[in-house]
**Student:** 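So that we are looking at the same thing, I have put the structure below in structure tokens.
Letters A, B, ... mirror the listed sequences (proteins, then strands); counts begin at 1.
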There are 2 protein chains.
Amino acid sequence: MVSTPTTAPLTLGELARAAEVPVGTVKYYLREGLLPEGRLRSTTRADYDETHLARLRLLRLLREVGDVPVGRLRDLVAALEDEGADRTHGSLGVLAAGSSALAGPVPAPGPLAERADALAGELAAEVGWDDQLRAAPEWAALRAVLETVLAWERLGLPVASTDLRPYVVAADLVARHDVAALGDLDPTDLLTQLVVGQVVYGRLLEVLRRLGEAHHSLVRYGPPDH
Amino acid sequence: MVSTPTTAPLTLGELARAAEVPVGTVKYYLREGLLPEGRLRSTTRADYDETHLARLRLLRLLREVGDVPVGRLRDLVAALEDEGADRTHGSLGVLAAGSSALAGPVPAPGPLAERADALAGELAAEVGWDDQLRAAPEWAALRAVLETVLAWERLGLPVASTDLRPYVVAADLVARHDVAALGDLDPTDLLTQLVVGQVVYGRLLEVLRRLGEAHHSLVRYGPPDH
DNA sequence: CATGGATGGATAGTGCCAGTCTCCAATCAG
DNA sequence: CTGATTGGAGACTGGCACTATCCATCCATG
């Protein structure tokens, strides 16, 4: 259950230094339960190992690159840990838990829920996504976003499923690749990989899109006539 | 320069009600300069028009859907306004200004900058993006993200340009569509449209990606064996 | 015409978040 | 031996995005 450390144990200070994080922050994460406690060797000495270091690095990555709030990190850590304990869920269960921990709570359905849901259905059909997904929390998240989009329709946002097609196609392309890239790891590492991928490559996609827009504007409007 | 209002003027309270925002918040935006002042009609009466309403709605959308911090909204507003005044930039100029206001400041290059830059070059070549882009702020943003990705390479993140290909392809697909969808509006509206699109469809892309991952996990791992 | 409830404007205060600081007694390293 | 570190608990900070409170008008209504 507890994997055997293969390297020399670290003190809190060393741990902090190794991850390039202030000691105070590490203490804070410990307090918040984001980082499991070290094995206490005396009143003033506790041992941490490379699993702590990996966890700490993960936490920092998610905070710095992904701006993931500490509260959501806690949910994520919960998913990570009760995976270790409880194996009743398959890989999909872990992934689902982790993914929805990252996504956070979904706003309640509003007045446009119906239309949003129908639109979501059209979009999913566009790329042949499974109908079972309608029960997933991700579906609810999609519905929520589509509601906002619909609310803005009257102000000029295009919203027909054909207007949105490129987004689903792009998402499907990326998602297919993401899942294919998941190695055949044990569920915990798999979850880590998924989360990191979602956050880091999410940022990547964002900046690539912006750069792409810059390129295509250049093509359409010509170089700046300063 | 100042477009003529076509509807009856609003008082601050009416403006707030129309946008479903607390009056206090509107006052706050006024203070922060996010919203231009109304035309003062007496000590206790100022008139606002539908341009104020549109602006206010835009601000709320960006904050609520996009989590855009108020500071960046200020930059955005600056881009919006000095577009009105100063026409020396073409459409591209406006778009660039708005886009980088949204993106925020780019972190300084680190030790991996060289490799990141080379990688960025390979990615751009993959989809035939213009070389001039190397000078754009978006390029620097891409470099910054790639640096983080590279920093995580040793911990298992794949990073070869072939691994990243799907992301660029998807980004190009979306960006091409985004730019094509920009109407032939005057520059200010164009900028608004770009910004809204970047934020709203950015969220959309995010949730679609998650849903797509759920679908493809389902395909790969089968339904949950609860 | 009086008057109660806005309104514009200025200033101060709130709640939350993510750390950071300060102490402390215990203990380790030189 | 002794000065620096450590783990641990608590209080404190700074930034952000609002809210709340005041106040001197002012306007709309009866």
**Student:** Using a 4.5 Å cut-off on heavy atoms from C-beta on, say whether the side chain of Tyr201(A) contacts that of Leu164(B).
**Tutor:**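 Of all side-chain heavy-atom pairs linking Tyr201(A) with Leu164(B), at least one is under 4.5 Å.
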**Student:** Nearest of dG19(C), dG7(D), dA17(D) to any side-chain atom of Ala46(A)?
**Tutor:**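 That would be dG7(D).
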**Student:** If each of Leu10(B) and Asp67(A) is mapped to the nucleotide of DNA chain C with the nearest heavy atom, which maps nearer the 5' terminus, i.e. the 5' end?
**Tutor:**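 Mapping each residue to its closest nucleotide by heavy atoms, the 5'-most match is Leu10(B).
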**Student:** Under 4.0 Å between any heavy atoms, over every strand shown, what does Leu40(A) touch: base, sugar-phosphate, or nothing? Just pick one.
**Tutor:**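 Sugar-phosphate only.
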**Student:** Would you kindly give the CG-to-C1' distance between Leu35(B) and dG8(C), to the nearest whole Å?
**Tutor:**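 Rounded to whole Å, this separation is 14 Å.
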**Student:** Rounded to whole Å, please give me the gap between CG in Leu30(B) and P in dA10(C).
**Tutor:**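 Spelled out: CG on Leu30(B) to P on dA10(C) is 10 Å.
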**Student:** Which part of the nucleic acid, if any, lies within reach of Arg63(A) when heavy atoms closer than 4.0 Å are counted: base, sugar-phosphate only, or nothing?
**Tutor:**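 Here Arg63(A) touches the backbone only, sparing every base.
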**Student:** I need the CG-P distance between Leu15(A) and dT6(D), as an integer number of Å.
**Tutor:**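 It works out to 12 Å between those atoms.
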**Student:** Round to the nearest Å and state the distance from Arg74(A) atom CZ to dC16(C) atom P.
**Tutor:**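 It is 14 Å, rounded to the nearest whole Å.
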**Student:** Does dA17(D) have its OP1 or OP2 closer than 4.0 Å to a side-chain nitrogen or oxygen of Tyr29(B)?
**Tutor:**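 Checking Tyr29(B) against dA17(D): no side-chain N or O falls below 4.0 Å of OP1 or OP2.
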**Student:** Whole angstrom is fine here: how far is it from CD in Glu32(A) over to P in dC16(C)?
**Tutor:**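 Distance check: Glu32(A) CD to dC16(C) P gives 14 Å.
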**Student:** Atom CD of Glu14(A) and atom P of dT5(D): how far apart are they, to the nearest Å?
**Tutor:**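 Distance check: Glu14(A) CD to dT5(D) P gives 13 Å.
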**Student:** Between Thr25(A) and dG19(C), is there a side-chain N or O to OP1/OP2 distance below 4.0 Å?
**Tutor:**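 Thr25(A) to dG19(C) OP1/OP2: no side-chain N or O under 4.0 Å.
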**Student:** Quick one: which protein N/O atoms are closer than 3.5 Å to N/O atoms of nucleotides 26-30 of chain C? Pair and distance per line, please.
**Tutor:**
residue: dA26(C); atom: O3'; partner: Thr43(A); partner atom: OG1; Å: 2.9
residue: dT27(C); atom: OP1; partner: Thr43(A); partner atom: OG1; Å: 2.7
residue: dT27(C); atom: O4'; partner: Thr44(A); partner atom: OG1; Å: 3.1
residue: dC28(C); atom: OP1; partner: Ser42(A); partner atom: OG; Å: 2.9

**Student:** Which of these nucleotides, dG8(C), dG19(C), dG7(D), is closest to any side-chain atom of Lys27(B)?
**Tutor:**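 Selected nucleotide: dG8(C).
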**Student:** Please report the shortest heavy-atom distance between Arg74(A) and Glu32(A), naming the atom on each side.
**Tutor:**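 Reported closest heavy-atom pair: NH2-OE1, 2.8 Å.
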**Student:** Contact class for Arg72(A) vs. all strands (heavy atom < 4.0 Å): base, sugar-phosphate, or nothing?
**Tutor:**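 Touches nothing.
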**Student:** Could you tell me whether the phosphate oxygens of dG7(D), OP1 or OP2, come under 4.0 Å of any side-chain nitrogen or oxygen in Arg39(A)?
**Tutor:**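 Checking Arg39(A) against dG7(D): no side-chain N or O falls below 4.0 Å of OP1 or OP2.
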**Student:** For residues Leu61(A) and Val199(A), determine if any side-chain heavy atom of one lies less than 4.5 Å from a side-chain heavy atom of the other.
**Tutor:**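 No. Closest side-chain heavy atoms not under 4.5 Å.
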**Student:** Grab the CD-C1' distance between Glu64(A) and dG19(C) for me, whole Å please.
**Tutor:**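 To the nearest whole Å, that distance equals 13 Å.
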**Student:** Would you indicate whether the side-chain heavy atoms of Leu142(B) and Leu204(A) approach each other to under 4.5 Å?
**Tutor:**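 Heavy-atom side-chain distance check passes, below 4.5 Å.
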**Student:** Consider only side-chain N and O atoms of Tyr29(B) and Arg60(B), and report whether a donor and an acceptor are under 3.5 Å apart.
**Tutor:**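 Yes, a side-chain donor-acceptor pair sits under 3.5 Å.
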**Student:** CG of Leu12(A) versus P of dG7(D): gap in Å, rounded?
**Tutor:**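 In whole Å, dG7(D) P lies 4 Å from Leu12(A) CG.
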**Student:** For a quick check under 3.5 Å, do Glu213(B) and Gln198(A) share a side-chain donor-acceptor pair by atom type?
**Tutor:**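 A donor-acceptor contact under 3.5 Å links the two side chains.
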**Student:** Between dT19(D), dG8(D), dA11(D), spot the one nearest the side chain of Arg31(A), thanks.
**Tutor:**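 Shortest atom-to-atom distance from the side chain points to dA11(D).
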**Student:** Report yes if the side chains of Leu56(A) and His52(A) come closer than 4.5 Å at any heavy-atom pair, otherwise no.
**Tutor:**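 Counting from C-beta outward, Leu56(A) and His52(A) never come under 4.5 Å.
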**Student:** Under 4.5 Å between any side-chain heavy atoms of Glu153(A) and Arg115(A), yes or no?
**Tutor:**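 Sidechains of Arg115(A) and Glu153(A): in contact.
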